[in-house]
2 protein chains.
Amino acid sequence: MARNGNKTKKLLARTALELFVRKGITETTVRDIAAAAGLAEGTLYRHFDSKDELAWELFHTNYTAFAQELDRLQQQYDPLKDKLAAMISQFCTFFDQDPVLFGYLLLAQHTQLKKVTPEMETAVTVLQKVIAQGMARREIPAGEVEVAAAMVLGLVLQVAVFKAYNRITQDLSELSEALVAACWRVLAGD
Amino acid sequence: MARNGNKTKKLLARTALELFVRKGITETTVRDIAAAAGLAEGTLYRHFDSKDELAWELFHTNYTAFAQELDRLQQQYDPLKDKLAAMISQFCTFFDQDPVLFGYLLLAQHTQLKKVTPEMETAVTVLQKVIAQGMARREIPAGEVEVAAAMVLGLVLQVAVFKAYNRITQDLSELSEALVAACWRVLAGD
DNA sequence: AATAAATGAGTGAACGCTCACATCGATTAT
DNA sequence: ATAATCGATGTGAGCGTTCACTCATTTATT
């Protein structure tokens, strides 16, 4: 067993995360990460097989954990509007607590999404499931689930992106209710 | 004067665009581009100063051209809802005509947006201008312009992203009216 | 003393870019 | 008409640098 738990591994992972977000994954070198963590280059390879594996672990761990948290939460609420409110509120909290991690998940999608197997649960699949159920129960008008999910997802996500770029000053959590209201107007249709 | 106009330059630019979208900018080598275009590596440097300049030219040319087209269009319509409909319709057409170019603008943002000066007109600034005007004229309820713009932008953009990933089968243009309706519900509020 | 953790110089491959040279079509001189 | 000349264009081996990764050695912990 490791003497100090996973302290060094966690430090490397967090340092890498921040550099990846600031400079991009490919543009961040292993030397950069080690130097920023105050460690030698070789140390990284004691904890990760490769730079690619580090980037992937950072992505898929948090990506699926977030999806599962959303799913767990969604099951505790009813009807659709309450499910949506709970999920959006959770998303806002997640973002406010760790904007850098959010930035990484967004950034890494382009590279890492290819490695995501179809049976993996993601935030998108949870959202689609919930919307499809809402349509089946006639809580919202029937329509294309994928289109509806894209609209709602984009609406929320882009506000977070603007916040990440400091185009918006409030915390996301303060906007949670406004986001739910807007999403509901989109889904409820006419 | 060039013998064959800019045929080679255009070929290189287009080839680079497609590789950039498929593999990422950093992951695409100058050798890759030249080989895919059926040319030698040195030829690229007859037409572009560097790989970076090529990536930037590809980005900013199309990025600003699209923003200016949106602005030109917006001025021809009134009130806000018609402006919005015209802009969204134009966006859908743009996407349907060249999804790869759209994919590049989306992908390159992370890297290239830092080089965009604040005085450059972008699709975002046009949208914000139009929404601010609509609020001033009381066509829609007053509120945070940035938040409203983010919501509308994300709603439309994410549907395009889903289409780019083949999660949606219809052409974007077929969804144009549904997008306008959804955006209007978001903006019109309660 | 034994073992796990950390080190950093070293390695080979890959990269962006250069440059001396070849090719071609157009222009000018004969 | 023909030849000589020229600049624009294309070529690809080669250069210097950087990168991810390795491994013999040192350091820290029990």
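Just so it is clear: chains get the letters A, B, ... in the order the sequence lines come, proteins before strands, and each one is counted from 1.
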Is it possible for you to check whether A:K163 lies under 6.0 Å from the centre of the six-membered ring of A:F95, through NZ or CZ, and within 45° of that ring's axis? no
Should the pair A:K23-A:E18 be classified as a salt bridge under the 4.0 Å nitrogen-to-oxygen rule? no
What is the ring orientation for A:F20 with A:Y104, classed by angle as parallel under 30°, tilted 30 to 60°, or perpendicular over 60°? parallel
Nearest-Å distance, NZ (B:K7) to P (D:dA8)? 19 Å
Using a 4.5 Å cut-off on heavy atoms from C-beta on, say whether the side chain of B:K115 contacts that of B:Q112. yes
In whole angstrom, what separates B:D32's CG from C:dC15's P? 7 Å
When you measure from every atom of DNA chain C, which of residues 15-27 of chain B have a heavy atom less than 4.0 Å away? none
Rounded interatomic separation in angstrom, taking CZ from B:F48 and P from C:dG16: 15 Å
For the residue pair A:K129 and A:E121, establish whether any side-chain heavy-atom pair is separated by less than 4.5 Å. yes
When you match A:D49 and A:T29 each to their closest nucleotide on DNA chain D, which lands nearer the 5' end? A:T29
Atom CG of B:D52 and atom P of C:dG16: how far apart are they, to the nearest Å? 10 Å
Does B:F94 have its ring centroid less than 6.0 Å away from the ring centroid of B:F102? no
Rounding to a whole Å, what distance do you find between B:K51:NZ and C:dC15:C1'? 9 Å
In plain terms, say whether B:R167 and A:E146 are close enough for a salt bridge, that is, a side-chain N and a carboxylate O under 4.0 Å apart. no
Would you please classify the geometry between the B:F59 ring and the B:W56 ring as parallel, tilted or perpendicular, with 30° and 60° separating the classes? tilted
Any chance you could list the contact pattern along nucleotides 10-17 of chain D? Use B for base contacts, S for sugar-phosphate-only contacts and - for none, protein heavy atoms under 4.0 Å, 5' to 3'. BBB-B---
